[in-house]
There are 2 protein chains.
Amino acid sequence: MHTCANRAGEMSVAGNKGKGSRVSIKDVARAAGVSHSTVSRALRNSPLVNAETAAHIRRIAEEMGYIPNIVAQSLVTQRTYTVGLVVTTISDPFIDQIVEGIEDLATREGYSVFLSSSHADPGREIAVVEAFHRRRVDGVIVLASRVGSMYTERLQELGVPIVLINNQADGAYLYSVSADDLSGARQAVRHLVDLGHTCIGYVGCHFRPPSNRRRLEGYRQELARAGLPYESDLVVHPKTFSDVENGRLALDALLNAGATAAFCYNDRMAIGLMAEARHRGIRVPEDLSIVGFDDIEASSYVFPSLTTVKQPRFEMGMRAMQMLLDLLAGQEVDDDLMPCELVVRESTAPPRKESLWQTCAK
Amino acid sequence: MHTCANRAGEMSVAGNKGKGSRVSIKDVARAAGVSHSTVSRALRNSPLVNAETAAHIRRIAEEMGYIPNIVAQSLVTQRTYTVGLVVTTISDPFIDQIVEGIEDLATREGYSVFLSSSHADPGREIAVVEAFHRRRVDGVIVLASRVGSMYTERLQELGVPIVLINNQADGAYLYSVSADDLSGARQAVRHLVDLGHTCIGYVGCHFRPPSNRRRLEGYRQELARAGLPYESDLVVHPKTFSDVENGRLALDALLNAGATAAFCYNDRMAIGLMAEARHRGIRVPEDLSIVGFDDIEASSYVFPSLTTVKQPRFEMGMRAMQMLLDLLAGQEVDDDLMPCELVVRESTAPPRKESLWQTCAK
DNA sequence: GCCCGATTTGCACACGTGTGCATCACCGAA
DNA sequence: TTCGGTGATGCACACGTGTGCAAATCGGGC
């Protein structure tokens, strides 16, 4: 059957419409009356070939609609110019811009990216790593919220550089770029403190331990700085798999603890919390101020619009890709911590007067 | 330099940790004391090799951590088992589930997907097609809202099957799966009619002509069915590049035309319209009912939650991929029209009493 | 004992490209 | 004229895998 394709290739000197121009370097060589080596060199701008010969060859190649076959190139150069990108799920409003940043730089540098989702399922994680291995990707970027130790171990067996986003981990081939959770959390809480809140809750995420720990730590540090006590019942970690749902579930605990404000692990939780508050007739921000994290698109058009901590997601994606490129070029790289920035919108306000008289429930 | 890699390959019989198991079929052959052909056949479960020999070879391959090199396989089989996926932008809440559906089926069938975004920029579109061509993808799925004629022409030159999502077009290699815009729009408008609205606006999208035309047609048909007149000033097409912004901009025209309800081209427009209405003190749904299209995640947690037309996005993605698989298997396929379903939430209600006395502004 | 068929294996080539090395032509200098 | 040098080109092999065909082996029937 592919003998046919061959024929098509030979005929394509006449016309290369229809069948996807199966013109090879040899066809060009024949047409130009030179060897395929010379064509190869001419197309790669090698100084070894005569300038006009090269120009001539390039013109012929152009006319014949020659398009290099990266597959064949990869076989000899041992480089596929592809990177594998693993995400937990594509349906996460948080990742869009990161992926965009990665893809943008990758494309510009002649790389293509394989997108796969793991769904935090060990079986699929293994399958993804296998696929990347079989395809001989040059590097891998992991944008999964959860990275089990077995997983990283398997990843390292690939023998290619790996960049983790928002997921520090140890390992010879593991590098990372992450948002500065600590500083971001501190900015969020400080904002609430500055507004006059003294009873501030934290709605954490049970399934992203590393970053959750750092954001919680930022919350503690800022409370301490303000001279406010750390009350453990103001900190809740709902354990559903849905962020929005977890936000909803957190409301009761917060109210019982007397919170007038809450800092949430991410925007979707904040939005869930906000929805539940409205449902119960609790006004945001009058009765409860809410701050999120991430600055996903929806946070700007929910009502009230959400005060949140913006992660430079596009830049983080680009940075991760750049790190991979550097590693592939044999350079040394350092892990990267990207700055976050508070975005003040409508979901935060000073506590109501009466709450000045009241301390936390306890 | 890659001679080094070779060495590593030969040493890896001892231990394949660290360097990504550069074990080739030849290494396995040597270890098993057979020719590489036999190994190749054994691994592909060819009936041509002796059963126990095959078992033995497979065990050795397993032990040595052999992982087939798809790149090399592709070169001879003329199949890369990759598909190219073009989207306009990844940062579109509409596409997430579609991509997920595509990726899900693709992975299950041993395919990997290259993700690229065109940003509706001709230059990048060309670059994407080029990249797919160089990589010799087996097929392409286009999830771009805008598909220029020049673009499709270039795509067809790839000589591989192409499946368009939500974008019918003519061409030998062009197939499509799309949501049933007409029926969806009719359901939306009928819902408003059933609630008692007689002055219903349409907020269209200037940049997606084909689907916009169909949704507008659905709107017209349903008005006609209800015996309501088609008033051209109830139909607006803002021309910003932001959907949300376009929704905002539409409000004035709708109010001037006396609309008590509006059907929007998509959810983001609906959300923009809703935000602007709130900003102006116009209550939704009491003063203005709003219906969107798509059922993006945010539509369920904005306030009020959005009544909308749900597209079976995950299924559409899977269907598109399945179509590609069928085409690659040489089967004939028919274009597919997926049913949409109305999801009633809080953004729609009967018009207020007084509007019963009032007809459209005109 | 010989031959034929069936089963199993290996040889050799192909896929499309890159590159070390030898070859060749040409030119200037001795 | 001869020689060495330089620039341009082609030959041949490599990358890792699949496969047609020939060869080898084995078993059984005459």
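To find a chain, count down the sequence lines: A is the first, B the second, and so on, and within it residues start at 1.
Nearest nucleotide to the A:Asn50 side chain, out of D:dA8, D:dT17, C:dG16: D:dA8. With C:dT9, D:dT9, C:dG10 as the candidates, the nucleotide lying closest to the side chain of A:Thr38 is D:dT9. The side chain of A:Val49 lies closest to D:dT9 when the candidates are D:dT9, C:dT8, D:dG18.
Distance A:Tyr81 OH to C:dG18 P: 10 Å, rounded to the nearest Å. Between B:Leu48 atom CG and D:dA24 atom P the separation is 18 Å, expressed in whole Å. Rounded to an integer number of Å, the gap from CD1 of A:Ile67 to P of C:dT17 is 11 Å. Protein atom CG of A:Leu75 is 9 Å distant from nucleotide atom C1' of C:dT17, rounded to whole Å. Rounded to whole Å, atom C1' of C:dG16 lies 20 Å from atom CZ of A:Arg79. Look at NE2 on B:His56: it is 17 Å from P on C:dT8, rounded to the nearest Å. Atom pair B:Gln78:CD and C:dG16:P shows a separation of 5 Å (rounding to whole Å applied). Distance B:Arg136 CZ to C:dG16 C1': 9 Å, rounded to the nearest Å.
Neither OP1 nor OP2 of D:dT17 sits under 4.0 Å from any side-chain N or O of B:Asn69. For the pair A:Gln73 and C:dG16, the criterion of a side-chain N or O lying under 4.0 Å from OP1 or OP2 is not met. A:Thr53 has a side-chain polar atom (N or O) that falls below the 4.0 Å cut-off from OP1 or OP2 of D:dT9. OP1 or OP2 of C:dG16 has not a single side-chain nitrogen or oxygen of A:Ser24 nearer than 4.0 Å.
If you check the side chains of A:Asn69 and A:Arg22, you find no donor sitting under 3.5 Å from an acceptor. Side-chain polar atoms of A:Ser74 and A:Arg136 form no donor-acceptor pair below 3.5 angstrom.
Here the CG atom belonging to B:Leu105 is positioned 13.0 Å from the CD atom belonging to B:Glu100, to the nearest 0.5 angstrom. Taking CD1 from B:Ile102 and OH from B:Tyr111, the interatomic distance works out to 14.5 Å, rounded to the nearest 0.5 Å.
If you check distances only, the side chain of B:Thr77 never reaches the base of C:dC15 with a donor-acceptor pair under 3.5 Å. The base of D:dG10 lies outside donor-acceptor range of the side chain of A:His36, with no N or O pair under 3.5 Å.
Side chains of A:Phe114 and B:Glu103 form no contact here, defined as non-hydrogen atoms less than 4.5 Å apart.
Residues B:Ser40 and A:Arg41 each lie close to DNA chain D; by heavy-atom proximity, the contact nearer the 5' end of the strand is made by A:Arg41. Comparing B:Ser37 and B:Ala72 by the nucleotide of DNA chain D whose heavy atom lies nearest to each, the residue mapping closer to the 5' end is B:Ala72.
As judged by a 4.0 angstrom heavy-atom cut-off over every strand, A:Val34 is placed among residues touching the sugar-phosphate backbone only.
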